[in-house]
Trainee: 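So that we are looking at the same thing, I have put the structure below in structure tokens.
Both counts, for ligands and for their atoms, begin at 1 and track the order of listing. Side chains included, hydrogens not; waters and symmetry mates left out as well; all remaining heavy atoms used.
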Amino acid sequence: MSRPGKIVCVGRNYREHAKELGNDVPTAPLLFLKPPSAVTATGDAIVMPTASQRVDFEGEIGVVIGTALRKAAPARCVAGIRGVAALNDVTARDLQKSDGQWTRGKGFDTFCPIGPLHEGVPPLDAITLVTRVNGVEKQRATSAEMVFSIPELLSYISHIMTLEPGDIVATGTPAGIAPLKAGDVVEVELVGLSRVSNPVEAEA
Ligand code: ZN
């Protein structure tokens, strides 16, 4: 898949995940950006930077934009989706906390594995997301559990910034996040749609 112009991410969009990190569920979508340079493909290594003592996986549903969306209503946003892809919002949790701003903790090279694009729009409230580490299931949820649905998220974002073809929206992670260690293999699957699997390495 070609590199997106931007990656718009949503924080705390599943109740149980907000709770596991001691946060309240937001009253409006909580947004941040990951740089396109963080994107990596299935099979490529996630490199844990020496600056961090805790690098977590976050399995997410990635929504890929097909047609430009500017101040668009939710139904119009659905028509503008090109497809979906498994996405791992890899996070240096300690740096996210200590910086306050999330750019560094979310922005290292290799911190955004994205699986192959599933073209078309599956039932957006019935996508099953599963994350495994070394074959052991760590996260399982469906998009019906989101605080803000995918059409609501896209519409909300489109009222702030134009979503352009190729842009990706990472729609938040469910409960079950945990740290990775060198030698792990982490896999995010949108069941029946897309899968991204990556080995984990320490920075040389
Ligand atoms: Zn995330």
Trainee: Would you mind naming the N, O or S atom of Glu58 nearest to the Zn ion (ligand 1)?
Mentor: OE1
Trainee: Quick one: report the N, O or S atom of Asp89 that is nearest to the Zn ion (ligand 1).
Mentor: OD2
Trainee: Are side-chain heavy atoms of Asp89 and Lys106 found at a separation under 4.5 Å?
Mentor: yes
Trainee: Any side-chain donor paired with an acceptor under 3.5 Å for Ser194 and Glu189?
Mentor: no
Trainee: Do Val200 and Met48 come close enough that some side-chain heavy atom pair is under 4.5 Å?
Mentor: yes
Trainee: Restricting to N/O/S, name the atom of Glu60 that gets closest to the Zn ion (ligand 1).
Mentor: OE2
Trainee: So does Val185 get a backbone contact from the side chain of Asn134, meaning a donor-acceptor N/O pair under 3.5 Å?
Mentor: yes
